[in-house]
Amino acid sequence: MTSLLPDERQADDLPDDANSPLLPAPAGQLTRRAFLAESGTTGIAGILASAPMAASVASAAQANADAAPPSSSMALALRVNGKPHAQQVDPRTTLLDLLREQMALPGTKKGCDHGQCGACTVLANGRRINSCLALALSHDGAEITTIEGLARGSELHPMQAAFIKHDGFQCGYCTSGQICSAVGMLREAEQGAPSHVTADVRRTGPMAPLSDAEIRERMSGNICRCGAYPGIVAAVREVSLAMPRAASSRRSRA
Amino acid sequence: MKPFAFTRATDADTAVQAATQPGARFLAGGTNIVDLMKEGVEAPDRLVDINRLPLAAIEAQPGGGLRLGALARNSDTANHPVLRTRYPLVAQAILAGASGQLRNAATNGGNLRQRTRCPYFYDVTQPCNKRAPGTGCSALQGFNRNHAVLGTSAKCIASYPGDMAQALHALDAVVQLQGPSGRRTIPIAQFHRLPGETPELDANLAPGELITAIDLPAESARFAQRSHYLKVRDRASYAFALVSVAAALDMEGSRIRQARICLGGVAHMPWRAREAEALLQGAEPGLPLFRQAADAALAGATGFEHNRFKIELAKRSIVRALETTTRSTA
Ligand SMILES: Cc1cc2nc3c(=O)[nH]c(=O)nc-3n(C[C@H](O)[C@H](O)[C@H](O)COP(=O)(O)OP(=O)(O)OC[C@H]3O[C@@H](n4cnc5c(N)ncnc54)[C@H](O)[C@@H]3O)c2cc1C
Ligand code: SF4
Ligand code: FES
Ligand code: FES
C-alpha cells in the first residue's frame, strides 16, 4: 500500500529518544526501537497518525517506568484467552497496560486512555468493558478475552471474517476494539437488553433483529477516526442476522 | 498516577472502616475515579475495592418497590425486567448515558457519585474551587458552555453530568447508606447538593459513607405508563447532556393527577422543577399548559457567556418531553 509510505518515512525520520518531541526523556527501558517494534502490529501509520495518540502511548510507558517499589505490588490471578496468568502487579496498573506491556498482547489498542474511544475494549467474563479504565487488581479472578483470543486456531471468529469481508476498517487502529465490542454487544442483544433507541423498554419479550439504528447506537462506544462505519455496520448486521435469535429475553443475572 | 494502597473489602463494615481513613476512596467500576486519578484530579492514598461486597442484587420489595443494589451494574439495572416494566424512566435514563462498555462496568452507586465534567475541574493547572477549595472558579469568566444556569453560586457553576439520577429524583428514590456511625436512609432529594460556599462537596455524605442500595418506591410505578427521558447533546450518542429532562405523568381520566419533572445538565444537582409540577397537577394536558410549566421551571435561571442557550433549550425540552409523555401509553 503506497499510502503507508509517507508515514513509514516519518517513522524512520524520528529523532532518537533523547531529543524526540513525541517521546518523554529516556526513562527506564523503553527505547525508540522497542516503541516502534511494539507498535508494529497495527502498522506504524496507526500509532503515529497524530501527536496526541503518540503522546498517550508515550505517557503509558512513562507510568510504567516510574512504577512504585515492588513492596506495594499485589498478587493477581486471572485467565486471559483461556490461559491462567498470575503475577504481582502495581495497583496502578490498568487491565489495558497489563495486557499490552506485561503480557505481550498488543492487539488491544490504547487510543484515548480515558474511556472515550473504545479502542481498548476487551471481554471480561464475556462482557465488553473499556480496559483502560479497569484497574487490573479489581479484575482478579476474571476471564478476559482479547482480540487475540477470538479465533479458533486458524479459523477466524465470524465477526473477524465479517469485518474483512465488508471492509470494516481502514487503518485498523480501532478494529480490535470494534470487534470485541461487537461480540459483546450481540451477546447483550441475545439476552434481550434494550438500548437508547429501543422504541419501548417496557416490552421485554422476544427482540426483533437489530436495525441499523440499533447497531449504531449499541456500537457508539467505539469511535473510528477513519470513518469506516458503513463497513462496520454491515459486518455486525451480517453476523447478527446469522445468529440464532433469542427466543425470549433472558433475565439478567444481576 | 500517584501510588496508592489497594484494599479488597469483602463486607460492608470493613469497607466503611477502611474508607473512613483520610485519603481513602471507594473503587466500584472505576470508570470515573480511575479517569480522575490519571488526570491527577483525585490522588487517593488508598482505594477500597468494593466490587466483592454482596450489594449487586436487584430485588423486588415486599411492598411493591424495587431495590437496586449499589453494585449492580448500570447495564444489568437497565435490563432488569421489573425495572423496565415498572420504572421504565430509569432504564431510559441509564441507556441514554455513556456507552455499552461503560455501562457494563459502571455501578449504580458510582453513577450517583460521578463528578462534574467542568473542563477546569479536570485541568489541574487551572484554579477550581471544587478541586482545590479557595483557588477560584475559572469557569465564571472562562469557557462555560456546559455549565449550570440554575442554583449556581459565586464559588462554582458546575453542572451535574449524569443521567440516571434525574430519573431517580423524578421518582422519589430513597438512598440507603452505611457509615462509620451506622445505617441511614435519605430521600434522594437530600443526597445531591448545590455548590453554595462548599462546591468541593457533591453530596451530603459523611467521609467513608457507603451507598448500599437505591430504593424505588412502589407508588412511583404509577408513572410507568407515561414517562420519558429526553437527552439533548452535541451528538446522537456517547456524549454528556447539554440539557436533559426526566418527565413523568400520572393521569386520572383526562387530568394530570401528578407530574414529575427533573432536569439534567442545568444545575449542580438533578433539578426537580417543583413549580412546574404544581402547575401541571390537576390540569388537562396541552401545549399552552406545558409552555407555562416550562417557563415556571426556568424562571429563576441565569445564563453565563456561553450557556445562555440552555435556558430556552431546557424550556423546549420540557415541552417536548411532556408531549412525548402524553403520547406514550401501554
Ligand atoms: C467517556 C465517558 C462518557 C460518559 N458518559 C456518561 C453519560 O452520558 N451519562 C452518565 O450518566 N454518565 C456518563 N459517564 C460516567 C459513568 O456513568 C460513571 O463514570 C459511572 O457511572 C461511575 O460508576 P463506577 O461504578 O465506575 O464508579 P467509580 O469510578 O468506581 O466511582 C466513582 C465515585 O463514586 C464513589 N463510589 C463508588 N461506589 C460507591 C458507593 N457504593 N458508595 C459511595 N461511594 C461510591 C467512588 O469512591 C468514586 O468517588 C461517562 C463516563 C465516561 C468515561
Ligand atoms: S465551575 Fe466549579 S468545577 Fe468548574 S472551575 Fe468553577 S469551581 Fe471548578
Ligand atoms: S483507550 Fe480505552 S476507551 Fe479509549
Ligand atoms: S479503521 Fe482507522 S480508526 Fe477505525
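All chains are named by letter (A, B, ...) in the order of the sequence lines, taking the proteins before the strands, and each is independently numbered beginning at 1.
- Interface residue A/Ser195: only backbone heavy atoms are found under 4.5 Å from chain B.
- Rounding to the nearest 0.5 Å places CZ of B/Phe6 at 9.5 Å from CG of A/Leu76.
- Of the two parts of A/Arg216, neither the backbone nor the side chain holds a non-hydrogen atom closer than 4.5 Å to a non-hydrogen atom of chain B.
- Minimum heavy-atom separation, A/Ile223 to B/Arg235: CD1-NH1, 4.2 Å.
- Of the atoms belonging to B/Ala78, it is backbone heavy atoms, and not side-chain ones, that fall under 4.5 Å from chain A.
- Separating the CD atom in A/Gln116 from the OG atom in B/Ser99 is a distance of 10.5 Å, to the nearest 0.5 Å.
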- Message: Working note: B/Leu102 + A/Leu133, criterion side chain to side chain contact (heavy atoms under 4.5 Å, CB included); need CA distance, chi angles, decisive distance, verdict.
- Response: CA-CA 9 Å; B/Leu102 288 160; A/Leu133 292 183; 4.1 Å; yes
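- In this structure, B/Met1 CE and A/Leu135 CG are separated by 6.0 Å, a value rounded to the nearest 0.5 Å.
- A side-chain donor-acceptor contact under 3.5 Å links B/Asn104 to the backbone of A/Arg128.
- Heavy atoms closer than 4.5 Å to chain B are found in the backbone of A/Cys117, but not in its side chain.
- Side-chain contact of B/Ser75 with A/Arg127: a donor-acceptor pair under 3.5 Å is present, judged by distance alone.
- Counting non-hydrogen atoms of neighbouring residues, nucleotides and ligands closer than 6.0 angstrom, the CZ atom of B/Arg233 exceeds 12 such neighbours.
- When atom types are taken as modelled, the side chain of B/Tyr238 and the backbone of A/Asn222 share no donor-acceptor pair closer than 3.5 angstrom.
- For the pair B/Arg84 (side chain) and A/Val201 (backbone), a donor-acceptor distance under 3.5 Å is present.
- For CZ of B/Arg222, the number of neighbouring non-hydrogen atoms (other residues, nucleotides, ligands) closer than 6.0 Å is greater than 12.
- Contact of B/Lys231 with chain A is not made at all, since no heavy-atom distance falls under 4.5 Å.
- Within the 4.5 angstrom heavy-atom criterion, only backbone atoms of B/Ala224 (N, CA, C, O) approach chain A.
- Using non-hydrogen atoms only and a strict 4.5 Å limit, no part of residues 116-123 of chain B faces chain A.
- Between the side chains of B/Gln92 and A/His196, no donor N or O sits under 3.5 Å from an acceptor N or O.
- For the set B/Glu59, B/Glu39, B/Arg86, the entry with the most heavy-atom pairs within less than 4.5 Å of chain A is B/Glu39.
- The shortest side-chain heavy-atom distance between B/Arg8 and A/Leu137 falls under the 4.5 Å cut-off.
- Options B/Asp35, B/Leu71, B/Asn51, B/Ile33 differ in how many heavy-atom pairs under 4.5 Å they form with chain A, and the most are formed by B/Asp35.
- If you take CD1 on A/Ile129 and CD on B/Gln101, they are separated by 9.5 Å, rounding to the nearest 0.5 Å.
- Residue pairs meeting the side-chain hydrogen bond (donor to acceptor under 3.5 Å, both in side chains) criterion with at least one member in residues 23-33 of chain B, sequence neighbours excluded, are B/Arg25-B/Glu42.
- Contacts of residues 243-251 of chain B with chain A at a heavy-atom distance below 4.5 Å are absent; not one residue qualifies.
- Formation of a donor-acceptor pair under 3.5 Å by the B/Lys38 side chain with backbone atoms of A/Cys132 is found in this model.
- Contact count against chain B (heavy-atom pairs under 4.5 Å) is highest for A/Pro194 among A/Ala124, A/Ser138, A/Pro194.
- Remark: B/Gln126 pairs with no residue by the side chain to side chain donor-acceptor pair (under 3.5 Å) rule, at least two apart or across chains.
- Proximity to chain B is absent for every atom of A/Thr198, based on heavy atoms less than 4.5 angstrom apart.
- In this structure, the side chains of A/Asp140 and B/Arg52 come closer than 4.5 Å at one or more pairs of heavy atoms.
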